[in-house]
Structure formats: structure tokens, C-alpha cells
Amino acid sequence: MPIIKTIIKMNKLSIFFTAFLLNIAVIINAQTVVDISSSTPLPSDYNENGLYYEKDIHNYLDNFVGVWEYVNGKEKFQITLTKIVKHHLYSPKVKLNVYEDGIAFQYKKYKGSLLIYSSPIMSKPTFRTYDGNKLDGTFIDYERVTQEVRWPHYVGPPMAGTIYKQGGEYFHPDCTIEKVSSGLVSQIKFHLYLWPMNAGFGSPYDNPIYAGQPRFSIPNDVILTKVP
């Protein structure tokens, strides 16, 4: 009898785990794959439930993968663009739960042959494309931080003197990377921009410690050539 009961329990466990695995398979199979370059309307909550995968079906992202560089005299600016496949973008606080393909960005700066700065290697994508000709995204300028901006006294209480924008944050410029034609040489145009945050009494980006220096710590509006 004990042996029979043991066999029955094992059969029940087997049935349970089989059903469990089948449920997982159903969930996986229920995921909807959508083309990242498509303009087809999606449900308003498509990126909240983990059931959608924005896939680079046409491999447009491959056009940008690799190492690119801009050389100005002895200074060299180099970026590495890496394709990330099926990254799970999950952030419950802002109701984000979606899978996506994209491009991760990393940059280095050289003076002569000396590496003077290398940004952290990102494991998540921050760039995407809709047509294979231009990437849109954002990244972090680790050598620029914002200043604190307070409400001016003329606004009166209770706002006067309180913090309008907290300082000490890295710059997070938006960025476009666009393919340009130059014969047999693969090149891209690199452009950075910041959304206005000046309320008429100061901008967090106007940090006086960078007086006389460019807005960004890296070159902007430059053409980069692909490294073979």
C-alpha cells in the first residue's frame, strides 16, 4: 500500500508540473511580435503587459552595428553601437513591461593613443530605428552634471527660494545618428540636443563649472567613419 500511495503522489506531481509547463508555453506562444518599423496602431496598453515584442524584423539595426570614430588632430572620439535582441523593458513604477530590440551605446575618448575616458558598457538598448537610416535615442554624458536652480524671490511665497530643479545629475541628451553617403566609406552623422529647461531664471544645464567649455563633453554635429 505505501508503494501504491507513493506512485499516486508521483503521478499527481508529474501531472502538476506538466500542466505548469504547458501554461508557460501558452503564455510564451501568446506573445505578439510586432515590427519596430511598422506604423500599425497598437493597443494603448501594449507596453504594459509583457505580451508584446517589438522586433527588428527587417534587421534595420544591423546598419549601425560596429565601431565608429571621429578624429580631430590628436583627439579621437569613438562610439560602439551594439544590437540588443529581445531586451525586457520592465519598470512597474511607470507601467512598462515590453520586449524590444534596439541599440546600446558606448563611447570612448582618446588623446593620441592614450585612452582618457571610457563610458560604462550598457546592457540595455537606448536607441531604435524606424527605417534603417536614422537612430533615435538618448544616452548619458558622464562628464557633465547639472546645477541646482531655485525659484527666484520675485515669485513670492511659498515657492520663492525653493528648488526648481535638483542639481548634480548627469546630462541625458537626446541623440540622432543618421547614415550619410560617402562613396564606399560607411559614415554616420552624430547630433546631440537637450530639451529646453529654462523657465526664464536659469537652466540646470548652465553649470558655471563648465564656463568657456562646450555644452557637451564629447563632440557634437560631427561625421564618424566606421572602423574596419
## Note on the structure
Rounded to the nearest 0.5 angstrom, the CD-OG distance for E48 and S91 is 11.5 Å
### Query
So, do Y117 and S217 sit near enough that their side-chain heavy atoms are less than 4.5 Å apart?
no
### Message
Checking Y46 now: which residues fulfil side-chain hydrogen bond (donor to acceptor under 3.5 Å, both in side chains) with it, not counting sequence neighbours?
### Response
E54
#### Entry: Atom pair CD1/CZ of I103 and R128 - distance to nearest 0.5 Å
12.0 Å
### Query
Are any non-hydrogen side-chain atoms of F77 and N72 less than 4.5 angstrom apart?
no
### Message
Given 3.5 Å as the limit, does a donor-acceptor pair link the side chain of T126 with the main chain of T138, or not?
### Response
yes
### Task
Kindly compute the distance separating CD1 (I116) from NZ (K76), expressed to the nearest 0.5 Å.
11.5 Å
### Task
Please report the C-alpha distance between L194 and R215 in whole Å, then the side-chain angles of each, then the deciding distance to 0.1 Å, and finally whether the side-chain contact (heavy atoms from CB on, under 4.5 Å) criterion is met.
CA-CA 10 Å; L194 292 164; R215 174 69 84 185; 4.1 Å; yes
### Query
Among pairs that include at least one residue of residues 80-101, which meet ring pair (Phe, Tyr, Trp, His ring centres under 6.0 Å), considering only residues two or more places apart or in two chains?
H88-Y90, H88-Y99
### Message
Could you report the tightest heavy-atom contact between N133 and T129, atom names first, then the distance?
### Response
N-OG1, 4.0 Å
### Message
If you apply the rule side-chain contact (heavy atoms from CB on, under 4.5 Å), what do you find for I177 with L81, and how did you get there?
### Response
CA-CA 10 Å; I177 298 174; L81 303 177; 4.2 Å; yes
### Task
Test D206 against Q147 for side-chain contact (heavy atoms from CB on, under 4.5 Å), laying out the working first.
CA-CA 7 Å; D206 294 333; Q147 68 167 342; 4.0 Å; yes
### Heavy-atom closest contact (Y107 atom, I140 atom, distance)
CE2-O, 3.6 Å
### Task
Kindly indicate whether the side chain of V145, heavy atoms from C-beta on, has any atom under 4.5 Å from the side chain of N207.
yes
### Task
Answer yes if L192 and M197 sit in the same cluster of Ile, Leu, Val, Met, Phe, Trp and Tyr residues linked by side chain heavy atoms under 4.5 Å apart, and no otherwise.
yes
### Task
Could you tell me whether I209 atom CD1 has more than 12 heavy atoms of other residues or ligands within 6.0 Å of it?
yes
### Query
In the single-linkage hydrophobic clustering (I, L, V, M, F, W, Y; side-chain heavy atoms under 4.5 Å), do L96 and V34 co-cluster?
yes
### Task
Working to the nearest 0.5 Å, report the span between CG of L224 and OG of S186.
12.5 Å
### Query
Between N97 and Y52, does a side chain to side chain donor-acceptor pair (under 3.5 Å) hold up when you go through it step by step?
CA-CA 9 Å; N97 187 4; Y52 283 81; over 6 Å; no
### Query
Using 30° and 60° as the class limits, which term best fits the ring planes of F201 and Y164: parallel, tilted or perpendicular?
perpendicular
### Task
Check the pair L135 / L61 against side-chain contact (heavy atoms from CB on, under 4.5 Å), numbers first and verdict last.
CA-CA 8 Å; L135 287 175; L61 294 172; 4.0 Å; yes
### Message
Distance check, rounded to the nearest 0.5 Å: K86 atom NZ versus Q31 atom CD?
### Response
4.0 Å
#### Entry: side-chain contact (heavy atoms from CB on, under 4.5 Å) involving S123 - partner list, sequence neighbours excluded
none
#### Entry: Contact check, side chains of I188 and I79, non-hydrogen atoms, under 4.5 Å
yes
### Query
Considering only heavy atoms from C-beta outward, does the side chain of K83 approach that of D56 to under 4.5 Å?
yes
Would you mind writing out the side-chain donor-acceptor pairs for residues 166-175 within the sub-3.5 Å range, not counting sequence neighbours?
residue: H172; atom: ND1; partner: Y170; partner atom: O; Å: 2.9
residue: D174; atom: OD2; partner: W195; partner atom: NE1; Å: 2.4

### Task
Kindly compute the distance separating NZ (K55) from CD1 (I36), expressed to the nearest 0.5 Å.
9.5 Å
### Message
I'd like to know if the side chain of N47 and the backbone of V98 have a donor-acceptor N/O pair within less than 3.5 Å.
### Response
no
### Side-chain (D141) to main-chain (F216) donor-acceptor, under 3.5 angstrom
no
### Message
If you define the side chain from C-beta out and look only at heavy atoms, does anything of K179 sit under 4.5 Å from N63?
### Response
yes
### Message
So, using side-chain contact (heavy atoms from CB on, under 4.5 Å) as the criterion, who are the partners of T176 when residues are at least two apart?
### Response
K134, D136, H191, Y193
## Note on the structure
Exactly one candidate in E69, Q106, K108 meets side-chain hydrogen bond (donor to acceptor under 3.5 Å, both in side chains) with Q78; the answer is E69
### Task
Please examine the side chains of I218 and F190, heavy atoms only from C-beta on, and report whether any two atoms are closer than 4.5 Å.
yes
### Query
Does any non-hydrogen side-chain atom of F64 lie less than 4.5 Å from one of F105?
no
#### Entry: Whether Q187 side chain and W68 backbone form a donor-acceptor pair below 3.5 Å
no
### Query
Should V85 and M122 be counted in the same cluster of Ile, Leu, Val, Met, Phe, Trp and Tyr side chains packed under 4.5 Å apart?
no
### Single-linkage hydrophobic cluster, 4.5 Å side-chain cutoff, L89 and L42 together
yes
### Query
Is there a path from Y70 to V67 through hydrophobic residues (I, L, V, M, F, W, Y) whose side chains come within less than 4.5 Å of each other?
no
#### Entry: Over all atoms of both residues, closest heavy-atom pair of S118 and L115
CB-CD2, 4.2 Å
### Query
Considering residues at least two apart in sequence or located in another chain, which fulfil the side-chain hydrogen bond (donor to acceptor under 3.5 Å, both in side chains) criterion with E148?
R150
